Chemist: 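What follows is a structure written as structure tokens; I'll ask about it next.
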Amino acid sequence: MVDTLSPVVTATKLSGHSRMCAIPRYFSAYMGAVEPAIYSVMGEWCGDYTGAYWHFFKLSNGGFFMAPDLQEPIELQNVQNYASEKVSQEAAGIALCLVAYNRLVWKYRDPVFDSAFHKLREYALEHREMESIFRLID
């Protein structure tokens, strides 16, 4: 039996033109729905959130996520599962995007969000804050 390792998923921060084109590239027809969905989850989970600059990341497996540029640690509370975690900007973005993508899958029934969810989940499974991310989204 040959033991093969799956490649590690990496994230690269986007800037300039790549950043501006990211949402249309990954979500095309739904580009107007993605950011508001993510900001909505942030508003639900972070009571004192009043807006922020968001960093955009592409994943080596073809995925995408956004992360808020806020002072760390960021405290997030999911009242639906009673989870409360203090996390990094990146972990916050991963958790928020996973929940937003899940909601968008159910709303639009389009595989683009299913694919986005599973590619980001693959990255989350390797993240140093994996336990906090999955407690928040459980």
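Quick caveat, the model's predicted, so the values are computed rather than measured. Just so you know, these numbers use all the heavy atoms, side chains as well, and skip hydrogens, waters and symmetry mates.
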Chemist: Going by side-chain contact (heavy atoms from CB on, under 4.5 Å), Leu136 matches just one of Val41, Asn81, Leu98, Leu76. Which one?
Modeler: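 Testing Leu136 for a side-chain contact (heavy atoms from CB on, under 4.5 Å) against Val41, Asn81, Leu98, Leu76 leaves exactly one candidate, Leu76.
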Chemist: Can you tell me how far apart CZ (Arg135) and CG (Asp138) are? Round to the nearest 0.5 Å.
Modeler: 10.0 Å
Chemist: What do you reckon, is CD of Glu75 surrounded by more than 12 foreign heavy atoms closer than 6.0 Å?
Modeler: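 It does: Glu75 CD has more than 12 such atoms within range.
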Chemist: Testing the basics here: between Ser88 and Ala91, what is the closest heavy-atom pair and its distance to 0.1 Å?
Modeler: OG-N, 3.1 Å
Chemist: Could you tell me if the ring centre of Phe64 sits under 6.0 Å from that of Tyr26?
Modeler: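 Distance test on ring centres: under 6.0 Å, yes.
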Chemist: Can you name the closest pair of heavy atoms from Ala11 and Tyr123 and give their distance?
Modeler: CB-OH, 3.5 Å
Chemist: Is the count of non-hydrogen atoms from other residues, nucleotides or ligands lying under 6.0 Å from Arg19 atom CZ greater than 12?
Modeler: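 Yes.
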Chemist: For atom OH of Tyr82, is the number of surrounding heavy atoms from other residues, nucleotides or ligands below 6.0 Å larger than 12?
Modeler: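 Counting other residues, nucleotides and ligands, OH of Tyr82 stays at 12 neighbours or fewer.
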Chemist: Atom CZ in Arg121, atom CD1 in Ile137: separation rounded to 0.5 Å?
Modeler: 7.0 Å
Chemist: Would you please say whether a donor-acceptor pair under 3.5 Å links the side chains of Asp110 and Tyr30?
Modeler: yes
Chemist: Indicate yes or no for a side-chain donor-acceptor contact from Ser132 to the backbone of Glu85 under 3.5 Å, with no hydrogens or angles considered.
Modeler: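 Absent.
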Chemist: Please step through side-chain contact (heavy atoms from CB on, under 4.5 Å) for the pair Leu120 and Ile94, ending with a clear verdict.
Modeler: CA-CA 7 Å; Leu120 182 52; Ile94 293 167; 4.1 Å; yes
Chemist: Can you tell me how far the CD atom of Gln89 sits from the CD atom of Gln71, to the nearest 0.5 Å?
Modeler: 10.0 Å
Chemist: Roughly how far apart are Glu35 CD and Cys97 SG, rounded to 0.5 Å?
Modeler: 10.0 Å
Chemist: Would you say the rings of Phe27 and Phe113 are close, in the sense that their centroids are separated by under 6.0 Å?
Modeler: yes
Chemist: Working note: Phe65 + Phe56, criterion side-chain contact (heavy atoms from CB on, under 4.5 Å); need CA distance, chi angles, decisive distance, verdict.
Modeler: CA-CA 6 Å; Phe65 73 98; Phe56 289 11; over 6 Å; no
Chemist: Between Asn61 and Lys119 (side chain of the first, backbone of the second, donor and acceptor by atom type, cut-off under 3.5 Å), is there such a pair?
Modeler: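 Checking the backbone N and O of Lys119 against the side chain of Asn61, a donor-acceptor pair under 3.5 Å is found.
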Chemist: Please tell me if the side chains of Val79 and Trp45 come closer than 4.5 Å, counting only heavy atoms from C-beta onward.
Modeler: no
Chemist: Do Leu14 and Met20 share a hydrophobic cluster, counting only Ile, Leu, Val, Met, Phe, Trp and Tyr and linking them when any side-chain heavy atoms are less than 4.5 Å apart?
Modeler: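 No, no single cluster joins them.
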Chemist: Can you confirm whether the side chains of His127 and Glu90 place a donor and an acceptor under 3.5 Å from each other?
Modeler: yes
Chemist: For the atom pair CG (Leu96) and OH (Tyr101), what is the distance rounded to the nearest 0.5 Å?
Modeler: 10.5 Å
Chemist: Of all the heavy-atom pairs spanning Met42 and Ile74, show the shortest one and how long it is.
Modeler: CE-CG2, 4.3 Å
Chemist: For the CD atom of Gln77 and the NZ atom of Lys86, what is their distance to the nearest 0.5 Å?
Modeler: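 Nearest 0.5 Å value for the CD-NZ distance: 9.5 Å.
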